[in-house]
Amino acid sequence: MAIWNVTNLKKTWYYLKKNGIKAACLAIEERIWESRKPSYVYRSVPEETLQKQRRNPPSAVRFSVVVPAFETREAHLCALLDSLAAQSYESWELILADASTSARVEKTVAQWKAGHKRADGTEFAVRYVRLSQNDGIAGNTNAGIDCAQGDYIGLLDHDDLLTPDALYEMAEAIEKEKKKGKQPQALYSDEDKCDDEATAFYEPHRKKDFDAELLLSNNYICHFLVMESGLMKALKLRREFEGAQDYDLVLRAAGAGAHFVHVGRVLYHWRCHGGSTASNPQSKVYAYEAGRRAVEDYCRLAGWRVRVLPLKHLGFYRVDYEEDILQQRPEVGAVSGPLPDKRRLVSGMYDEAGDMLYEGLKKGFSGPMHTAALQQEAGWADLRGMRVRRELFVAYREALGRIAGANEDRIRRESKAFCEWMREQGYRIVWDPQEKRDPAAFGRRF
């Protein structure tokens, strides 16, 4: 998709008004830089693969897909229904909780059901629920959740789409986790965006495996979310967080210790049109304030004294600790930050393959989904950009002393070994893009 379409021009204008011309120019420069990368192409699952999935489904688990509807356009609703009918995993029910003032949605559903049957001639499990009043997205969704009979409940917006392998992939992930002796309570997939006609797909969101720190900065989990029915019904959506009700739900599930599973495939198409948040962030500015309050509530329940601040990009936040994070959070063993460099971001944070994250990113750029500007958990990081809990430094002092005057390879090896040791002790490492350390002062700040 071209970067200078109407949607992106609107976003640029809103960003300029909010953050000023300097920040806007930098954001435009980054978008141009991003546009030079290979363009994204969504490749639908071959029909042969879908047929194999139909013949060999995972262990039986039933899904309830809940959709709150309100004056939904007929074309969008029929496309949603078609995306459920096309699922290669057939053990599902769709619950449409309709708060419309007209009979349009009910009529569309009835007409669709009359013209569509499964291959064996049976009806699709599409349940239409007429609501007596419009209780907002949270209240209307809760009404649908109350009706759900499946083992897992998935949430779907009334104008979005699932890929035909979405439920199969979720069922397979549930089966794999159970074979490992784990009970998956919440699962989420990658997603992309599509135009109003669902003919062009763009901006894929390739997500991280579950990261509780990153979740405090942004609802990166978003779509497609599937949650164990008992947990979903116990938590439900809270109306006081309307607009960010799904973010609040995920935060509370994380706070309850739910086991999250990331299914690393695009299973959800987020439709962009004039009224959607995906296309026009200003359409639901209230939602971003609700998201900030949801993070604030999570931190309050955890007993942390913090301020939750909005960042330049709408829907992204920063948690500022009123006291040092190492004092407030005993599970955090170290805080790491970027190494100093005038021209580029040297994150000092590495992935499992040993490659530095955001390597080559220009200073001031925010990276994919703005993650280079967000607090997050690090698997391992460079010791020179790190503050370590004093007792851990003392316990590992001899090994840490070996990095004095060492070359880069030695520092990387020792950094990785130390971080792995910390994680084995049950500690986590938080990477903070605003954490600034003088590498030459290593060893004098513990």
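Position 1 is the first residue of the sequence; numbering continues from there.
To the nearest 0.5 Å, atom CD of residue Gln375 and atom OH of residue Tyr317 are 13.5 Å apart. Between Leu80 atom CG and His269 atom NE2 the span is 12.0 Å, to the nearest 0.5 Å. In this structure, the separation between CG on Asp246 and CD1 on Ile137 is 8.5 Å, given to the nearest 0.5 Å. To the nearest 0.5 Å, atoms SG (Cys419) and CZ (Arg423) are separated by 8.5 Å. Rounding to the nearest 0.5 Å places CG of Asn142 at 9.5 Å from CE of Met232. Here CZ of Phe316 is found 8.0 Å from OG of Ser366. Values are rounded to the nearest 0.5 Å.
Summarising the local packing, CD of Glu331 is surrounded by more than 12 heavy atoms from other residues, nucleotides or ligands at distances under 6.0 Å. The environment of NZ in Lys52 is sparse: at most 12 heavy-atom neighbours from other residues, nucleotides or ligands sit within 6.0 Å. A 6.0 Å sphere centred on NZ of Lys107 holds no more than 12 heavy atoms belonging to other residues, nucleotides or ligands.
By the side chain to side chain contact (heavy atoms under 4.5 Å, CB included) test, Leu357 is found to be paired with Ser347, Met349, Asp351, residues two or more places apart in sequence or in another chain being considered. For the salt bridge (charged side-chain N to carboxylate O under 4.0 Å, His left out) test, residues two or more places apart in sequence or in another chain that qualify with Asp324 are Arg387. With sequence neighbours excluded, the residues forming a side chain to side chain contact (heavy atoms under 4.5 Å, CB included) with Ser83 are Leu161, Leu162, listed by chain and number. For Tyr128, there are no ring-ring contact (aromatic ring centres under 6.0 Å, His included) partners at least two apart in sequence or on another chain.
Under the 30°/60° scheme for interplanar angles, the aromatic rings of His223 and Tyr268 are found to lie parallel. Between Tyr89 and Tyr168, the two ring planes are perpendicular [angle over 60°; tilted spans 30° to 60°]. Taking the six-membered ring where tryptophan is involved, the planes of Phe418 and Trp421 are essentially parallel, since the angle between them stays under 30° and well short of 60°.
Using a 4.0 Å cut-off between charged nitrogen and carboxylate oxygen, Glu47 and Arg54 count as a salt-bridge pair. In summary, Arg271 and Glu197 do not engage in a salt bridge, as defined by a charged side-chain N under 4.0 Å from a carboxylate O. Note on Arg307 versus Asp320: salt bridge recorded, some NZ/NE/NH1/NH2 to OD/OE distance being below 4.0 Å. Salt bridge status for Glu414 with Arg410: present, with a side-chain N to carboxylate O gap under 4.0 Å. Taking the charged nitrogens against the carboxylate oxygens, Glu213 and Arg428 do have a contact shorter than 4.0 Å, which makes a salt bridge. Using a 4.0 Å cut-off between charged nitrogen and carboxylate oxygen, Arg265 and Glu191 do not count as a salt-bridge pair. Ionic pairing of Arg292 and Glu289 is present here: one or more N-O contacts between side-chain nitrogen and carboxylate oxygen are shorter than 4.0 angstrom. Salt bridge status for Arg305 with Glu323: present, with a side-chain N to carboxylate O gap under 4.0 Å. Using a 4.0 Å cut-off between a side-chain N of Lys or Arg and a carboxylate O of Asp or Glu, Arg130 and Asp98 qualify as a salt bridge. A salt bridge links Asp146 with Lys236; the closest basic N to acidic carboxylate O contact falls under 4.0 Å. A salt bridge links Arg252 to Asp248: one of the charged nitrogens lies within less than 4.0 Å of a carboxylate oxygen. Between Arg118 and Asp120, no side-chain nitrogen of the basic residue sits less than 4.0 Å from a carboxylate oxygen of the acidic one, so the salt-bridge criterion is not met. Using a 4.0 Å cut-off between charged nitrogen and carboxylate oxygen, Asp159 and Arg73 do not count as a salt-bridge pair. Taking a cutoff of 4.0 Å between a charged side-chain nitrogen and a carboxylate oxygen, Glu93 and Arg127 qualify as a salt bridge.
For the pair Val109 and Val105, the minimum side-chain heavy-atom distance is below 4.5 Å. With a 4.5 Å cut-off on side-chain heavy atoms, Tyr350 and Arg412 count as touching. Residues Leu392 and Tyr427 meet the side-chain proximity criterion, which asks for heavy atoms closer than 4.5 Å. Proximity of Val129 to Ile95: side-chain heavy atoms (C-beta onward) are separated by under 4.5 Å at one or more points. In this structure, the side chains of Arg293 and Asp297 stay at 4.5 Å or more apart for every pair of heavy atoms. Taking 4.5 Å as the limit, every side-chain heavy atom of Leu267 sits out of range of all side-chain heavy atoms of Asp190. Annotation: side chain of Ile429 is not in contact with side chain of Trp431 (no heavy-atom distance under 4.5 Å). Side-chain contact between Glu177 and Gln183 is absent, with no heavy atoms from C-beta onward closer than 4.5 Å.
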Item checked: Derivation of the side chain to side chain donor-acceptor pair (under 3.5 Å) call for Asp192 and Tyr202 -> CA-CA 6 Å; Asp192 64 14; Tyr202 56 99; over 6 Å; no

Next item on the list: Output, in order, the C-alpha distance, side-chain angles, deciding distance and verdict of side-chain contact (heavy atoms from CB on, under 4.5 Å) for Glu377 and Leu214.
Entry: CA-CA 7 Å; Glu377 186 167 0; Leu214 183 61; over 6 Å; no

Check: For Asp432 and Ser336, what are the C-alpha separation, side-chain angles and deciding distance, and is it a side-chain contact (heavy atoms from CB on, under 4.5 Å)?
Finding: CA-CA 6 Å; Asp432 185 345; Ser336 178; over 6 Å; no

Next item on the list: Determine, stepwise, if the pair Gln87 / Leu50 fulfils side-chain contact (heavy atoms from CB on, under 4.5 Å).
Entry: CA-CA 8 Å; Gln87 291 299 305; Leu50 295 175; over 6 Å; no

Margin query: Would Met227 and Ile153 count as a side-chain contact (heavy atoms from CB on, under 4.5 Å) here? Give the steps.
Written below: CA-CA 5 Å; Met227 189 173 289; Ile153 300 173; 5.7 Å; no

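There is no side-chain donor-acceptor pair under 3.5 Å between Gln149 and Ser64. Checked by atom type, the side-chain pair Tyr358/Thr371 shows a donor-acceptor distance below 3.5 Å. Between Ser217 and Gln376, the side chains place no donor N or O within less than 3.5 Å of an acceptor N or O (distance only, hydrogens not considered). Side-chain atoms of Asn218 and His313 include no donor-acceptor pair closer than 3.5 Å.
Judged by distance alone, with hydrogens and angles left aside, the side-chain atoms of Asp195 form a donor-acceptor pair with the main-chain N or O of Ala198 at under 3.5 Å. Proximity of a side-chain donor or acceptor of Lys113 to a complementary backbone N or O of Val126 within less than 3.5 Å is detected. At distances below 3.5 Å, not a single donor-acceptor pair connects side-chain atoms of Asp165 with backbone N or O atoms of Glu169.
In terms of heavy atoms, Leu187 sits closest to Ala173 at CD2-CB, 3.7 Å.
For the pair Arg329 and Trp304, the cation sits on the ring face: its NZ or CZ lies under 6.0 Å from the ring centre, inside 45° of the axis.
Within the structure, the ring-ring contact (aromatic ring centres under 6.0 Å, His included) test picks out the following pairs touching residues 241-265 (sequence neighbours left out): Tyr188-His262, Phe210-Phe260. Residue pairs meeting the salt bridge (charged side-chain N to carboxylate O under 4.0 Å, His left out) criterion with at least one member in residues 74-84: none, sequence neighbours excluded.
The only member of Val306, Val295, Leu311 that meets side-chain contact (heavy atoms from CB on, under 4.5 Å) when paired with Arg318 is Leu311.
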